Amino acid sequence: MPRYLSDSDSDHNQHPVRLFGRKRPLHAVFGGGRVADVLLWRKKNISAAILIGITIIWFLFEVVEYNFLTLLCHASITTMLVVFIWSNGAALFDRTPPKIPEIILSESAFKKAASTFHSKLYLLFTTIYDIACGKDLKFFILAIAFLWVLSVIGTQISTLNLVYIGLLCIGTLPALYDRYEHEVDYLASRWNRDLRKQYRKFDSKVLRKIPRGPVK
């Protein structure tokens, strides 16, 4: 197992440093439920199906240049035909017809999804607000730099390609990190230590020399 490096400059008495400073296992960070299983490819069939579906949608829009309205109509026609054959064929084979509205539009499922979405959205906006207020100057500078780099990339890559690359990373990087966690944490801890050194130099040479008025 590789040796971890702490945030201090000393190489002695090292402690494990995980990526982004997390203290919980990666599966728990993603919620520990079905979403975590899909992101970490513990349900390979579902994960692969989602990744293939995203790739097909990207291919239709970006390569084939399918019109959105046309694709929506064709998909609706196909779905209606499948449901028609399924519901009418179920009676011939003494099967129960599909109860799609009850499954998809379940009230309890909607309430659970809405509650989860609200809590995640609130946490996201709270984090963004704290960064924008400058409570952590390091994260504020990193956020500005990240958004600027993203804006530069956006001028070179279409929005659809950018979204597809983002979804592709979400569907593959967590699983790869889960598999090579020790190696990634080792490299990340070294990079984090070097970044903190550079930030301390920047803080001492630039930020601390900025004149500030008296706090009232």
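Values below: every heavy atom of this structure, side chains too, minus hydrogens, waters and symmetry copies. Nothing here was measured: the structure is a model prediction, and the numbers come from that model.
Counting all heavy atoms, side chain and backbone alike, Leu162 lies closest to Ile157 at N-CG2, 3.9 Å. Considering all non-hydrogen atoms of both residues, Val152 and Thr155 come closest at O-OG1, 2.5 Å. In this structure, Tyr164 and Ile54 approach most closely via the heavy-atom pair CD1-CG2, 3.6 Å. The two residues Asn161 and Ser158 make their nearest non-hydrogen contact at ND2-OG, 3.0 Å. Pro174 and Cys169 get closest at one heavy-atom pair: CD-O, 3.4 Å.
Residue Ile50 holds its CD1 atom at 11.5 Å from CD1 of Ile170, rounded to the nearest 0.5 Å. A distance of 7.5 Å separates CG in Leu39 from OG in Ser47, rounded to the nearest 0.5 Å. In this structure, Asp37 CG and Lys44 NZ are separated by 13.0 Å, a value rounded to the nearest 0.5 Å. The structure places CG of Leu187 at 7.5 Å from CZ of Arg190, a figure rounded to the nearest 0.5 Å. One distance of note links NE2 of His118 with NZ of Lys120; it measures 13.5 Å at 0.5 Å rounding. Note that the CZ atom of Phe139 and the CD1 atom of Ile144 stand 14.0 Å from one another [nearest 0.5 Å].
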Audit row: His182, Tyr186, side chain to side chain contact (heavy atoms under 4.5 Å, CB included) steps and yes/no: CA-CA 6 Å; His182 299 299; Tyr186 169 69; over 6 Å; no
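Contact check for Arg42 versus Asp178: side-chain heavy atoms found under the 4.5 Å cut-off. Contact check for Thr172 versus Leu51: side-chain heavy atoms found under the 4.5 Å cut-off. With a 4.5 Å cut-off on side-chain heavy atoms, Trp58 and Val163 do not count as touching. Residues Phe61 and Leu71 meet the side-chain proximity criterion, which asks for heavy atoms closer than 4.5 Å.
Hydrophobic clustering of Ile, Leu, Val, Met, Phe, Trp and Tyr side chains at less than 4.5 Å, counting indirect connections, keeps Trp86 apart from Met80. Leu168 and Ile52 fall within a single hydrophobic cluster, where Ile, Leu, Val, Met, Phe, Trp and Tyr are joined by side-chain heavy atoms under 4.5 Å apart, directly or via other members. Transitive grouping of hydrophobic side chains (ILVMFWY, heavy atoms separated by less than 4.5 Å) brings Val64 and Leu72 into a common cluster. Placement of Tyr66 and Val63 within a single hydrophobic cluster is found when ILVMFWY residues are connected by side-chain heavy-atom separations under 4.5 Å, directly or transitively. One hydrophobic cluster holds both Ile56 and Phe59 under the rule that ILVMFWY side chains link at heavy-atom gaps under 4.5 Å.
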Donor-acceptor pairs under 3.5 angstrom involving side-chain atoms of residues 121-134: please list them, not counting sequence neighbours.
{"unit_1": "Thr126", "atom_1": "OG1", "unit_2": "Tyr122", "atom_2": "O", "d": "2.7"}
{"unit_1": "Thr127", "atom_1": "OG1", "unit_2": "Leu123", "atom_2": "O", "d": "2.8"}
{"unit_1": "Asp130", "atom_1": "OD1", "unit_2": "Lys135", "atom_2": "NZ", "d": "3.3"}

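Residues that satisfy the ring pair (Phe, Tyr, Trp, His ring centres under 6.0 Å) test with Trp41, not counting sequence neighbours, are absent from this structure.
Applying the under-4.5 Å side-chain rule to Ile, Leu, Val, Met, Phe, Trp and Tyr, the cluster around Leu142 consists of that residue alone.
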